[in-house]
Engineer: 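Please read through the structure below; I'll follow up with questions.
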Amino acid sequence: MDSADSADRYVPDSVRQAVKVLIVGAFGVGKTTLVGSVSEIEPLRTEETVTGAAVGVDALAGVEDKRTTTVAMDFGRLTLNDRLVMYLFGAPGQRRYWGMWDGLAEGALGVLAVVDTRRLAESFEVLAELELRGLPFVVAVNRFPDSEDHPVAELRGALDLTGDTPVVTFDARDRASSIDALITLVQSISGGATGPAGTEGTDHPDEAARGPVAYAPRQGERLPAER
Amino acid sequence: MTGNGGYRDSALRPYVITGGKFRPSRAALGVETLLLRAETAGPLPVTATRESRALVRMCERLLSLAEAAAHLKLPLSLVKVLASELVDAGYLVARSGIPQAARPDMELLQEVLDGLRRLR
Ligand SMILES: Nc1nc2c(ncn2[C@@H]2O[C@H](COP(=O)(O)OP(=O)(O)O)[C@@H](O)[C@H]2O)c(=O)[nH]1
Ligand SMILES: [Mg+2]
């Protein structure tokens with residue numbers, strides 16, 4: 001497994017900081033495709049254990065078990081400059097995997113919520129959970145060839161999004177298009193102060209007043225340790 | 001996990017025997033945290049586990065925790081615990097990401113944006 005090209009796997013020595021973005025979405029929306037099209041390394045796969053006691057469990061329903069399951073997660077890397085790299089972590093959006101988001105979202109810049117318009121309903125609970133957690137996110141609508149062309153306003157309504165959540169359409173197979181979706185995310189996190197608002201949603205009138213989206217620590221979240 | 005007994009390293013053992021479920025004490029590492037073998041560190045104790053040795057070897061040059069886990073084909077949660085312990089013990093150094101409680105500053109966000117635009 002230590003192949004001849006194992007030296008290529010390393011991060012340049014000059015890099016001092018890593019940022020990360022979380023990619024979530026229902027099964028088959030294009031998370032793996034997105035990671036593959038923007039990553040400069042061959043996308044990697046690793047496993048995380050998730051304990052059933054996920055956040056947001058409906059106590060009344062009582063369907064969530066406490067077993068520990070293993071979830072595969074794929075991720076990729078982008079070198080942004082000689083001192084900064086970005087990691088993209090793709091995580092499944094189904095409720096039973098929400099426990100996995102905890103460790104991934106901690107310290108993340110934000111979340112790209114990938115959506116397939118042919119199966120919108122599968123995204124409802126993903127988006128609701130992101131809103132509940134107060135994570136800064138952008139909805140990235142992956143255009144499939146047989147997707148109908150819905151106006152963004154219509155999608156926003158159908159997804160029941162709050163007024164200031166940016167929505168961007170993109171093609172997960174296309175590198176530039178996927179990077180544009182990431183750019184929209186970063187712009188929205190910085191409240192538009194970092195550059196021209198190129199996408200619908202980032203020029204919301206409240207945006208400037210709101211400033212950068214804050215991380216809302218969840219109840220019971222452990223205190224940050226030194227890092 | 002090793003499964004083969006005989007390891008008695010006092011520092012690593014609690015984590016190993018709890019199968020990585022034990023909460024790391026000091027160094028809270030993220031999946032994106034960059035790890036590097038500490039130049040000044042001596043060899044690991046003879047009792048160190050195979051997994052810890054492999055991790056330190058993997059981090060001979062700079063690599064994120066998640067990448068190390070993927071290359072070693074070990075679960076992330078286990079590597080988090082091992083790495084945390086190795087950082088605490090001075091065998092690995094961590095180059096941090098954004099502290100959990102802090103929000104990224106404008107300067108960093110601008111740097112990220114510029115980088116993304118360049119790559120586009
Ligand atoms: N036509 C088209 N197919 C896509 C696109 N994105 C993903 N796919 C395909 O849809 C399937 C599921 O995508 P994948 O990235 O594995 O989804 P994931 O489950 O979210 O990781 C794969 O067969 C992809 O090839 C896209 O933008 N256009
Ligand atoms: Mg996938």
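Being a predicted model, the structure only gives us computed values, none of them experimental. So that the names make sense, note that chain A is the first sequence line, chain B the second, and so on, each numbered from 1.
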Engineer: Answer yes or no: is there a side-chain heavy-atom contact under 4.5 Å between A:Tyr87 and B:Leu34?
Structural biologist: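 Yes. Closest side-chain heavy atoms under 4.5 Å.
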Engineer: If you count heavy-atom pairs under 4.5 Å with chain A, which of B:Pro75, B:Ala66, B:Ala69 comes out on top?
Structural biologist: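 Looking at each of B:Pro75, B:Ala66, B:Ala69 in turn, B:Ala66 comes out on top.
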Engineer: Please look at A:Leu84 and chain B and tell me whether the side chain, the backbone, both or neither of the residue comes under 4.5 angstrom of a heavy atom of that chain.
Structural biologist: side chain
Engineer: In Å and rounded to the nearest 0.5 Å, what is the CE to CD distance from A:Met86 to B:Glu111?
Structural biologist: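 Between atom CE of A:Met86 and atom CD of B:Glu111 there are 11.0 Å.
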Engineer: Any side-chain heavy atom of B:Arg95 sitting closer than 4.5 Å to one from A:Arg83?
Structural biologist: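 They are not in contact (no side-chain heavy atoms under 4.5 Å apart), so the answer is no.
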Engineer: Relative to chain B, which segment of A:Arg45 carries a heavy atom at a distance below 4.5 Å: side chain, backbone, both, or neither?
Structural biologist: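 Contact with chain B involves the backbone of A:Arg45 alone.
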Engineer: How far apart are the closest heavy atoms of B:Met106 and A:Ser190, and which atoms are they?
Structural biologist: CE-O, 3.2 Å
Engineer: When you compare the side chain of B:Val31 with that of A:Phe89, does any pair of heavy atoms fall below 4.5 Å?
Structural biologist: yes
Engineer: As an exercise, state the distance from CG of A:Leu22 to CD of B:Glu32, rounded to the nearest 0.5 Å.
Structural biologist: 11.0 Å
Engineer: Checking A:Val15 against chain B: side chain, backbone, both or neither under 4.5 Å from a heavy atom?
Structural biologist: both
Engineer: In Å, rounded to the nearest 0.5 Å, how long is the span from CD of B:Glu67 to OG1 of A:Thr46?
Structural biologist: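 If I round to the nearest 0.5 Å, the distance is 11.0 Å.
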Engineer: My understanding is that only residues two or more places apart in sequence, or in another chain, count here; which of them pass side chain to side chain contact (heavy atoms under 4.5 Å, CB included) with B:Val93?
Structural biologist: B:Leu36, B:Ala38
Engineer: Less than 4.5 Å apart, side chain to side chain, heavy atoms only: is that true for B:Leu63 and A:Tyr10?
Structural biologist: yes
Engineer: How long is the gap from CG on B:Leu62 to OG on A:Ser14, to the nearest 0.5 Å?
Structural biologist: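 Answer for the CG-OG pair, B:Leu62 versus A:Ser14, is 9.0 Å.
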Engineer: Considering only distance and modelled atom types, tabulate donor-acceptor pairs under 3.5 Å from the side chains of residues 23-33 of chain A, sequence neighbours left out.
Structural biologist:
unit_1  : atom_1 : unit_2  : atom_2 : d
A:Lys31 : NZ     : A:Gly25 : O      : 2.9
A:Lys31 : NZ     : A:Ala26 : O      : 2.9
A:Thr32 : OG1    : A:Asp74 : OD2    : 2.8

Engineer: Considering only heavy atoms, which portion of A:Leu185 lies under 4.5 Å from any heavy atom of chain B: side chain, backbone, both, or neither?
Structural biologist: neither
Engineer: Please test A:Thr79 against B:Leu119 for side chain to side chain contact (heavy atoms under 4.5 Å, CB included), starting from the C-alpha separation and ending with a verdict.
Structural biologist: CA-CA 9 Å; A:Thr79 302; B:Leu119 289 173; over 6 Å; no
Engineer: Nearest 0.5 angstrom please: B:Leu116 CG to A:Ser178 OG, how far?
Structural biologist: 11.5 Å
Engineer: Quick one, B:His71 and A:Leu44 - any side-chain contact, counting heavy atoms below 4.5 Å?
Structural biologist: yes
Engineer: If we check side-chain contact (heavy atoms from CB on, under 4.5 Å) with B:Val112, which of these qualifies: A:Leu78, A:Asn81, A:Leu80?
Structural biologist: A:Leu80
Engineer: To the nearest 0.5 Å, what is the distance between OG (B:Ser64) and NZ (A:Lys20)?
Structural biologist: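 B:Ser64 OG to A:Lys20 NZ: 10.5 Å, rounded to 0.5 Å.
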Engineer: Give, as side chain, backbone, both or neither, the part of B:Arg118 having an atom under 4.5 angstrom from any heavy atom of chain A.
Structural biologist: side chain
Engineer: Quick one: of B:Val79, B:Asp105, B:Leu76, who has the most non-hydrogen atom pairs under 4.5 Å with chain A?
Structural biologist: B:Leu76
